[in-house]
There are 2 protein chains.
Amino acid sequence: MKRKVTLKQIAKELDVSISTVSKSLKDSPEISEDTRKKVRAFAKLYNYKPNLIALSLKNKKTKTIGVIIPEIIHHFFATVISGIEHIANEKGYNVIVCLSDESFDKEVINMEMLANGSIDGFIMSLSKETQQKKDFHHISEVINQGMPVVMFDRVANDILSDKVIIDDNLAAFEAVQFLIDKGFNKIALISTIDYISVGKLRTEGYLKALRSNNIPIDESLILKIEDMDNCSDEIELLLKNNTFDAIFAVNELFAVTAIKSANKLGLKIPEDISIIGFTDGMISKYSSPSITTVSQNEIKMGERAAIMLIERLESEEEDEEHYKTEVIGTHLVERESTL
Amino acid sequence: MKRKVTLKQIAKELDVSISTVSKSLKDSPEISEDTRKKVRAFAKLYNYKPNLIALSLKNKKTKTIGVIIPEIIHHFFATVISGIEHIANEKGYNVIVCLSDESFDKEVINMEMLANGSIDGFIMSLSKETQQKKDFHHISEVINQGMPVVMFDRVANDILSDKVIIDDNLAAFEAVQFLIDKGFNKIALISTIDYISVGKLRTEGYLKALRSNNIPIDESLILKIEDMDNCSDEIELLLKNNTFDAIFAVNELFAVTAIKSANKLGLKIPEDISIIGFTDGMISKYSSPSITTVSQNEIKMGERAAIMLIERLESEEEDEEHYKTEVIGTHLVERESTL
DNA sequence: GATAGTGTTGAAAACTTTTTCAAATTTATA
DNA sequence: TATAAATTTGAAAAAGTTTTCAACACTATC
């Protein structure tokens, strides 16, 4: 086993100083052709690569981005990470991923850990619990220390930082408008409890669409689900006790569950009920019927977040005044679940 | 903006030496009660936290695990990462994730990058290209440098290292045996090209099951797909040109595509054809009909890989002789796609 | 032959932390 | 009071790198 070789070891072997070795490897004209060649040959032979930890310490830069997300098994977050990785790779950055598991405490612990020198900046999306608590002190602390943070999707409006979001309100509005344009006016909504910022915004978009088309809002057609894992009973009840001709669901899970419940009750999709979901993941693509859904351009979201962060890291002046919020465009992917 | 405070700064402020500060914060009995209290109060006030990069350099340990996987948008890999994160978190390790994008070159670059001091050990799954090339020099090099590597799922048999796998052969055998036990004997196989190790093993399991039940092997019922993205045409052709009563597909995508093709051709699942897939992800769960599939216990896979790596990192002696290969149990999840 | 100039090398500091060992101070003992 | 012992503090080295500046050797110029 041959352990990694250091400048010191090379210097000793060749009986020169560490500085000479360092400069030779950087092809500094300060060092004579002869010495340079000798050192480089030796370094190549022993496959010398500078120790990145030492460089990090010296340069006070780690060339590493910390990403904190609630869960990685969600297609949405996994795809955003793909986008982040893509740009990070291109620009020579590594990506440390930490999962908050939707827990406030884990989010805080992970942030504090990474903030102690391991990374140059954060890209993050808030956990449910953090959104509920509205406690963002850990984030402002990090920002105060001069470490840039880019928030995406689940962002805190109270925090001054760069942000990448979609216009959830508008996207929902457009999806519902699409249904209205098809001639539907009894449209149900399956949403989440309001403390989930995106759920709330999508609900508002739904309401706005109805209002602007002078369709009365029927509270009995609005379902707000708390327990994601056991949503099927509630959804089945909604379908059983009401009649409507379309559903707007704020995520894939609710949409596919609605399809399954409809099947069970003998309702045909899209003949009896049209359904639009949110997020274009595996479920929407491979469900039968496949689901018309709002695509969020997750890849682009990740890419933009990474670009914004790296730009801030590599620009000298810290213009704290000019935080940007970038809105990524969405589009409706039409599939089989709508007429 | 208050930047992170260092021992040096504290020492200067309090007019003591750096060593005194360091020892005080570690509650060393060497330092007088008085000084200790003073230092700790000051450190608390300024929220001192040791710089982890400096510690890494000093200790030659980063408390970070490098994970290299082909893609993160695959539910399988995302779930394994969840398992890794879970254990890593528990044991105080961070996780750096790098994506090879199924490319050999990217895998090599990522490994070399991380091997230069950033991490203590690797957990990895080979890219398709690497499996095809059978070039594992980058992995043996890292191992030779004394950095432990745990491979999972897509492993290289030629490399001596710890491994976590499932018994793909056995799992496939059991799935096909399940179909045979139901009374089917015309069973089609939808698999991948043989250089994908898991595809090959699952194909072997299929063949073994047929043989051990004295069912003649019908080559026309065996489809090996190269281009995952455009598999639907080939699968439709298989269904159109042959009659059989069951399908064993080596992944979720092939299984759900088979269902869609069958629907298109007016075949009923499971009445006309029973289908078993591999991997228990979103697709299998939310497809209509939902898909009977082989669950790989991905979470456990990730957890075991992390445990094996950390054990090796924290055990003093390097018993290179005793590399373990751990086989994670699989089980069939029965759903609607089988009778 | 002395001075300036050029070319080449190395010592030392910096980044931050921990730890060893020596030095300084205080207290106890004879 | 002098000496030994105990307590408390600090200097220095170590990890691996880069960079500045000083030092040295040599050649060219007057």
Side-chain angles (χ1 to χ4, degrees), chain A residues 3-40 42-43 46-64 113-120 145-147, chain B residues 3-40 42-43 46-64 113-120 145-147:
Chain A
R3 282 231 131 78
K4 295 238 73 164
V5 69
T6 67
L7 289 185
K8 204 180 186 179
Q9 286 160 27
I10 298 179
K12 200 174 169 191
E13 288 297 322
L14 297 180
D15 207 27
V16 293
S17 74
I18 294 179
S19 359
T20 304
V21 178
S22 177
K23 285 173 196 163
S24 297
L25 293 174
K26 300 202 113 53
D27 240 347
S28 157
E30 250 183 304
I31 306 296
S32 71
E33 185 75 32
D34 262 17
T35 318
R36 242 148 63 193
K37 268 195 191 147
K38 197 175 60 180
V39 171
R40 309 189 71 186
F42 192 91
Y46 283 89
N47 191 29
Y48 170 79
K49 295 272 167 55
N51 179 310
L52 297 180
I53 292 290
L55 281 179
S56 293
L57 184 59
K58 177 125 191 33
N59 300 335
K60 291 169 152 281
K61 273 190 201 169
T62 61
K63 283 276 195 175
T64 303
M113 167 121 271
L114 294 185
N116 293 326
S118 309
I119 61 164
D120 295 339
Q145 278 168 22
M147 183 170 282
Chain B
R3 281 232 132 77
K4 296 238 72 163
V5 70
T6 66
L7 288 185
K8 203 180 185 178
Q9 286 161 27
I10 298 180
K12 199 173 170 193
E13 288 297 321
L14 297 181
D15 208 28
V16 293
S17 75
I18 295 178
S19 0
T20 305
V21 178
S22 176
K23 287 174 195 160
S24 297
L25 294 175
K26 302 202 112 53
D27 241 346
S28 156
E30 252 183 302
I31 306 298
S32 72
E33 184 76 31
D34 262 16
T35 317
R36 243 148 62 194
K37 267 196 191 144
K38 196 176 59 182
V39 170
R40 311 191 68 187
F42 192 91
Y46 283 88
N47 192 28
Y48 169 79
K49 295 272 167 58
N51 179 312
L52 297 182
I53 292 289
L55 281 178
S56 293
L57 185 60
K58 177 124 190 34
N59 300 334
K60 291 168 150 283
K61 274 190 203 169
T62 61
K63 282 277 192 176
T64 303
M113 167 122 271
L114 295 185
N116 294 325
S118 309
I119 61 164
D120 295 339
Q145 279 168 21
M147 183 171 281

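Quick note on labels: first sequence line is chain A, next is B, and so on, each numbered from 1. For the numbers below, each heavy atom of this structure counts, side chains included, while hydrogens, waters and symmetry mates do not.
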**Message:** Just to be sure I understand the geometry, which residues of residues 6-19 of chain B put a non-hydrogen atom under 4.0 Å away from DNA chain C?
**Reply:**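 Those residues whose heavy atoms fall under 4.0 Å from DNA chain C, taken from residues 6-19 of chain B in numerical order, are B/T6, B/L7, B/K8, B/I18, B/S19.
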Taking side chain as C-beta onward, heavy atoms only, is [X] less than 4.5 Å from [Y]?
| X | Y | value |
| --- | --- | --- |
| B/L52 | A/M113 | yes |
| B/N116 | A/L55 | no |
| B/Y46 | B/I10 | no |
| A/V39 | A/I31 | no |
| B/V21 | B/L14 | no |

Residue pair [X] / [Y]: nearest heavy atoms and the distance that separates them:
| X | Y | result |
| --- | --- | --- |
| A/R36 | A/D27 | NE-OD1, 3.3 Å |
| A/M147 | A/D120 | CG-O, 3.5 Å |
| B/Q9 | B/K4 | OE1-O, 3.9 Å |

Tell me what [X] touches on the nucleic acid: a base, only sugar-phosphate, or nothing, going by heavy atoms under 4.0 Å.
| X | value |
| --- | --- |
| A/I31 | base |
| A/K23 | base |
| B/S32 | sugar-phosphate |
| B/K58 | base |
| A/L57 | base |
| A/S56 | nothing |

**Prompt:** What do you reckon, is NZ of A/K49 surrounded by more than 12 foreign heavy atoms closer than 6.0 Å?
**Reply:**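 Count over threshold, so yes.
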**Asked** When the distance from NZ of A/K4 to P of D/dA15 is rounded to whole Å, what number comes out?
**Response**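 Between P of D/dA15 and NZ of A/K4: 17 Å.
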**B/R36 CZ to D/dT8 C1', straight-line distance once rounded to whole Å** =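 About 11 Å, once rounded to whole Å.
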**Item:** Interatomic distance, B/L57 atom CG to B/T62 atom OG1 [nearest 0.5 angstrom]
**Value:**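 Going from CG on B/L57 over to OG1 on B/T62, the span is 11.5 Å.
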**Request:** Could you list where the contact with chain B starts and ends along DNA chain C, reading 5' to 3', using a 4.0 Å heavy-atom cut-off?
**Result:**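 Terminal contacting nucleotides, 5' to 3': C/dC15 to C/dC21.
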**Asked** Distance check: side-chain N/O of B/K60 vs OP1/OP2 of D/dA14, anything under 4.0 Å?
**Response**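 It does not, given that no N or O in the side chain of B/K60 lies less than 4.0 Å from OP1 or OP2 of D/dA14.
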**Item:** B/N51 side chain vs B/I53 backbone, donor-acceptor pair below 3.5 Å
**Value:**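 Pair found, side chain donor or acceptor close to backbone of B/I53.
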**Request:** With axes from five pairs an end, tell me the bend angle of the helix from C/dG1-D/dC30 to C/dA30-D/dT1, nearest 10°.
**Result:**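 About 90°, once rounded to a multiple of 10°.
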